[in-house]
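Remarks on the structure that follows.
Bear in mind the structure is a predicted one, so any value in this text is a computation, not a measurement. Residue numbers start from 1 in every chain, and the chains themselves are labelled A, B, ... in the order their sequence lines are given, proteins ahead of strands.
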There are 2 protein chains.
Amino acid sequence: MPRAGLDRAAVVGAGAALADEVGLTGLTMGLLADRLGVRTPSLYKHVAGQDDLIRGIAALALHETAEAVGGAVQGRAGSDALAAAARAFRAFVVEHPGRYAATIGQEPSGPEDPLAEAGERLLGAFTAVLRGYEIDGPAVNHALRMLRSLCHGFATLEAAHAFQWSTDIDQSFEWLVAFADRGLRAM
Amino acid sequence: MPRAGLDRAAVVGAGAALADEVGLTGLTMGLLADRLGVRTPSLYKHVAGQDDLIRGIAALALHETAEAVGGAVQGRAGSDALAAAARAFRAFVVEHPGRYAATIGQEPSGPEDPLAEAGERLLGAFTAVLRGYEIDGPAVNHALRMLRSLCHGFATLEAAHAFQWSTDIDQSFEWLVAFADRGLRAM
DNA sequence: AGCTTTTAGCTAACTTCATTAGCCGCATCT
DNA sequence: AGATGCGGCTAATGAAGTTAGCTAAAAGCT
């Protein structure tokens, strides 16, 4: 029986891909093992269990989101930066709904947690966006939470097919981004 | 063996209460049966299975949310109505996180579905709020989606303890509501 | 190279849960 | 009282996560 050459990153990566395909609730240890050409218990040599696997997927997703948003913001400022950041965030969630779903409800154990680190980086990207507006003091935190709620809410609702009527979703999103931009500039 | 006198509403109601206590993922058929003083298979006389149970909880939650938001809007208009609706929505989600979680990812089967009906009523309440602003045409739908994303995003993030720093969450919410109000009035 | 040590993968077994099949007594209606 | 239907029960099945313990492949050492 030749070795499969797995490690934690390979297992978590395949788990993330599988979660995007079949949904986070459809992600089963047996299915993942099949996908990797291995028997189920072998996965436990690389991850401590399903919870640990999902935490790993969440950390990966947050890392990738921060990467995408951070990259989109590079070289832009003000309204452009806001629009680019929001679009990058939404695109990531819609293309990777399973991964992103793994991040919901995860609480980092400490400042060392890779989950916390990736979260900080994502936060930093949005903070950079806000520097293009004239906001100071505690309003920065409020505005960050507002942007996060808006992006998170829209993207998760879209991923869940929760927008029913026929009005174009892309248009709604652009409208929403412009709305936030106007509001932030008017402070 | 005396009868327990259950019916669908009792099972769904107890399921919703239990979901609020232990979280939707912690809601198990066995636990619910215990809570009702009955053996697990007996539940299947009232609900078709766990999926059906959760659909029932979702319909109940949406109905209650529509009730709360609709009631809060009564007799108010403009900024007052918006603030009251948003506060009622947030309060419901934070007090009933399990119930509300059941609504996520549910797609109504048809216009007859109680889920769809309750959703329509909730939508109607927010539509009524928007009547206090001067918005017309397709912008109404965009604004509705914006408000929904904002409320849904904030409330679910709060319920998941996703706001880490120490800035007061109530203040952020009030700030966010005022932000949306200013933006809508400036159209 | 040969020996040792580590470790990734395996089989077998256990547990928890959802679900189904089939039985039986309570409650109501005539 | 007797018939009937419905709500509860026990028993059994199957899927999924997890653990224990074995074995052989890889990696390291002399």
Please state whether the phosphate of [N], meaning OP1 or OP2, lies under 4.0 angstrom from any side-chain nitrogen or oxygen of [X].
| X | N | answer |
| --- | --- | --- |
| B:T28 | C:dA18 | yes |
| B:H46 | D:dG8 | yes |
| B:S42 | D:dG7 | no |

**Message:** Contact between A:R145 and B:F173 at the side-chain level, heavy atoms closer than 4.5 Å - yes or no?
**Reply:**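 A side-chain contact is absent here, since even the closest heavy-atom pair is not under 4.5 Å.
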**Any side-chain heavy-atom pair of A:H63 and A:P114 under 4.5 Å** =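 They are not in side-chain contact.
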**Asked** Looking only at atom types and distance, does a side-chain atom of B:D113 sit under 3.5 Å from a main-chain N or O of B:S109, one as donor and one as acceptor?
**Response**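 Checked: pair present.
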Closest to side chain of [X], choosing from [options]:
| X | options | result |
| --- | --- | --- |
| B:R39 | D:dC9, C:dA8, D:dT18 | D:dC9 |
| B:K45 | C:dT19, D:dC9, D:dT18 | D:dC9 |
| A:Y44 | C:dA18, D:dC9, D:dT18 | D:dT18 |
| A:P41 | C:dC10, D:dA11, C:dA18 | C:dC10 |

Separation of [N] [atom2] from [X] [atom1] (nearest whole Å):
| X | N | atom1 | atom2 | value |
| --- | --- | --- | --- | --- |
| B:L53 | C:dT19 | CG | C1' | 14 Å |
| B:R8 | D:dG7 | CZ | P | 13 Å |
| A:D7 | C:dT6 | CG | C1' | 17 Å |
| B:I54 | C:dC17 | CD1 | C1' | 13 Å |
| B:L27 | C:dT16 | CG | C1' | 15 Å |
| A:L43 | D:dT19 | CG | P | 13 Å |
| B:D52 | C:dT20 | CG | P | 12 Å |
| A:L6 | C:dC10 | CG | P | 9 Å |

**Message:** Using every non-hydrogen atom in the two residues, find where A:G183 and B:F179 come nearest and quote the distance to one decimal.
**Reply:**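 Closest heavy-atom pair between A:G183 and B:F179: C-CE1, 3.4 Å.
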**Prompt:** What are the two closest heavy atoms between B:A10 and B:L6, and how far apart are they?
**Reply:**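 Residues B:A10 and B:L6, closest heavy atoms: CB-CD2, 4.3 Å.
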**Message:** I want to confirm an ordering. Mapping B:T40 and A:M29 to their closest nucleotides on DNA chain D, which one lands closer to the 5' end?
**Reply:**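 The residue closer to the strand's 5' end, by nearest nucleotide, is B:T40.
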